[in-house]
Number of protein chains: 2
Amino acid sequence: MNLKQLSQNLGLSQTTVSRALNGYPEVSPATRRRVEEAARTFNYSPSTRAKGLATGQALAIGHVIPVSSKHEMVNPIFGDFIAGAGETYSRHGYEMILSIVDDADERRIYSGLKSRRAVDGVIIHGPRMNDPRLGLLHELGLPFAVHGRATGYDKPYAWLDVNNRSAFLRATDFLFDLGHRRIALINGLEVMDFAHRRREGYAESLRAHDVPLDPHLMRSGEMTEVFGYQSTRDMLAEENAPTAILCSSLISALGVRRAIEEKGLVMGKDVSVVTHDDALSYLQNGADVPIFTATRSSVREAGRRLAEMLLTTITEPTKPPLQQLLEAELMVGSSTGPAPRKD
Amino acid sequence: MNLKQLSQNLGLSQTTVSRALNGYPEVSPATRRRVEEAARTFNYSPSTRAKGLATGQALAIGHVIPVSSKHEMVNPIFGDFIAGAGETYSRHGYEMILSIVDDADERRIYSGLKSRRAVDGVIIHGPRMNDPRLGLLHELGLPFAVHGRATGYDKPYAWLDVNNRSAFLRATDFLFDLGHRRIALINGLEVMDFAHRRREGYAESLRAHDVPLDPHLMRSGEMTEVFGYQSTRDMLAEENAPTAILCSSLISALGVRRAIEEKGLVMGKDVSVVTHDDALSYLQNGADVPIFTATRSSVREAGRRLAEMLLTTITEPTKPPLQQLLEAELMVGSSTGPAPRKD
DNA sequence: AGGAAAATCCAAAGCGCTTTGGGGAGTGAT
DNA sequence: ATCACTCCCCAAAGCGCTTTGGATTTTCCT
């Protein structure tokens, strides 16, 4: 069923039917009702392609997920983020289109999306330090919003980020308050902007407590369970092992726990652990009582909000870009306790 | 830059330029080269919307991800599957469009995709027992392919599935061979087709070994870490506790391990564990040696293949639908060992 | 009742592409 | 020189919608 058929069926012009359906005022309420009813019974919805052609809008948002060709990891966060963003899109009648892309091809993909007029804007995932994508998109004139921020890009742009620095600052302070002095950091890849900021927060706390940075206590890598396990195992094997560990992801934290327990130590007593927790739907941090003391911020909620921000950036291009900084909450679980007494 | 401008620029008609770009024979090689060159320098690609309107194709595949409104869980598998499918799509010039949908709205969404002509076909995720979606899509005339199968639907349709029954049959047999007799099953929700089949395999092995099904040893729920933990904790607390546990997901298996160790038992000695492993990129089962003995099958590879199958279903609608059954491989790790001797 | 303003509705153009149905220019044979 | 083919190329229609610029009818004042 298309517009033409529907309008013939109703004995009206295409113009009137279109207007009735799109809420224009120059249609009598009675006609509008009649049209809406017919549309429903014939199960008519306008073709997105035709509509897009006519209006010049795509009514679609692109999400470009970079997958490094080297270590084919799909960000585990991405599912929940997408779910959040999807809620927003369907509320506003937008489509979400996804491209999984080797990060070497990113340039081609973005300019393709632009020149094919496939989307009205894009969300940038996993911003890195001095991320070249922001400049590219600015140059292409394709509206965008960033999940995170990109240190090194100076023009204003729309973003939503967790305050990673303050979260890790507070978490580290918390460990100091418990008496810990040797605190390790198991971080994400430090080309990632978020990891850089977390490290800054950590370093700031150490500085405030007059504890020098110790490279032996700082690891950075893709945040898998195995990475958390190996890093922890190695550090616990060294002399002067850490009494507390700060970890960038709940998944890695599971590995941290495994290494601790494998060594016959008790988490929360011999070694304290604080992790960041993205509140993923399939990986809750315990049920009633959190297992891990954590800095917590829902990535799904982030998806909802950032999508909303991008849409207003698109519909109101003159406004200055929206920006939002979320504070993570510190939830105390059973993975932390006072530093063990030295004997 | 659009076709008109490009053709004016070249002093050719739109027809010729379009034909040159789409590989039609009635264009001289010289002209074709000239056109291709110009398209590249002006960074021209045809508007998807216009092309779609003209050809009647969408050049897009829909993925509808159901999210139950009750327990807002996003399937952790979905990220890797999508990544695999995305590779296939970009190779064939298709777009992937994603809808995150409360499962109560599914009907509306699918018929919307159809009547808006937004996609050429869809992939069905997470098929349930007697899944109504297959009938609906058949009725709508929207091509589809299923990740898994739907028991209770009798018309032929395209699917790709892991042989869940045989995988869990072999895994259970393996545990019997190690001397276990009290074997528990921690399964996904049994409305899900895959969980039903796994249970069948498990039950078949028990029957073959003359061990009656014991409801106390069978749990089913959303496969979170917490679910694995609680189920195991409860079962280990009962008298006549299991000596081996079969688990439907690596994530739950992490919870299983936590419960075992919390009780001061050793996994692989006091309690053996076998889990299914979807080979998720962010959750590898150990590094060199697998942590868990597992039935393994890459969900990312499944995505790649199923997408390919859907595309051929679309381009060659007369052929009978493709179907593919993958066998999981049994990888022996350190989570299994001989059944403890009764004293 | 007469005229202006408001309320409804419509025909047709245009969005950017593909594709149909020709048409003119070379080429070789007669 | 003429004819019959190929080779290349083109004008124009059509895909399904929105939107412009009117046209027609109703309603409201005076």
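Within every chain, numbering begins at 1; the chains are lettered A, B, ... in the order of the sequence lines, protein sequences first and strands thereafter. Both backbone and side-chain heavy atoms feed into the values below; hydrogens, waters and symmetry mates do not.
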> Which sits closer to the 5' end of DNA chain C, B:Thr15 or B:Leu53, going by the nucleotide each is nearest to?
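Whichever sits nearer the 5' end wins; that is B:Leu53.
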> May I ask you to say what B:Ser47 touches in the nucleic acid, namely base, sugar-phosphate or nothing, with a heavy-atom cut-off under 4.0 Å?
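Touches sugar-phosphate only.
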> Taking A:Glu36 first and then A:Arg32, would you say they form a salt bridge - that is, a charged N and a carboxylate O separated by under 4.0 Å?
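Salt bridge flag = no for A:Arg32 with A:Glu36.
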> Donor-acceptor check, side chain of B:Asp102 to backbone of B:Ala104, threshold 3.5 angstrom: yes or no?
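Yes: the side chain of B:Asp102 pairs with the backbone of B:Ala104.
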> In terms of side-chain geometry, is the basic nitrogen of A:Lys51 or A:Glu95 positioned less than 4.0 Å from the acidic oxygen of its partner?
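Answer for the salt bridge query: no.
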> Please work out if A:Thr55 contacts a base, only the sugar-phosphate, or nothing of the nucleic acid, heavy-atom cut-off 4.0 Å.
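Counting heavy atoms under 4.0 Å across all strands, the contact made by A:Thr55 is with sugar-phosphate only.
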> Just wondering, are more than 12 heavy atoms of other shown residues or ligands nearer than 6.0 Å to CD in A:Glu37?
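Count not over threshold, so no.
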> How close do B:Ser47 and A:Arg117 get, heavy atom to heavy atom, and via which atoms?
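Heavy atoms only, the tightest pair is CB-NH1, 3.2 Å.
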> What's the OH-C1' distance between B:Tyr24 and C:dG21, to the nearest Å?
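After rounding, the reported distance stands at 15 Å.
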> With nearest nucleotides of DNA chain D determined for B:Ala50 and B:Arg32 from heavy-atom distances, which residue corresponds to the more 5′ nucleotide?
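Its nearest nucleotide being more 5', the pick is B:Arg32.
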> Just checking B:Arg19: base, sugar-phosphate only, or nothing, at a heavy-atom cut-off of under 4.0 Å?
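Base, at least one base heavy atom under 4.0 Å.
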> Quick one: how far along DNA chain D does chain A reach, first to last nucleotide 5' to 3', anything under 4.0 Å to a heavy atom?
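Counting from the 5' end, contacts occupy D:dG16 to D:dG21.
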> On DNA chain D, nearest-nucleotide positions of B:Thr16 versus B:Ala54: which is more 5'?
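So the residue in question is B:Thr16.
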> So that I can tick it off, tell me whether B:Glu139 and B:Arg107 are bridged by a salt bridge, with the cut-off set at under 4.0 angstrom between side-chain N and carboxylate O.
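Here B:Arg107 pairs with B:Glu139 in a salt bridge, since their nearest N and O are under 4.0 Å apart.
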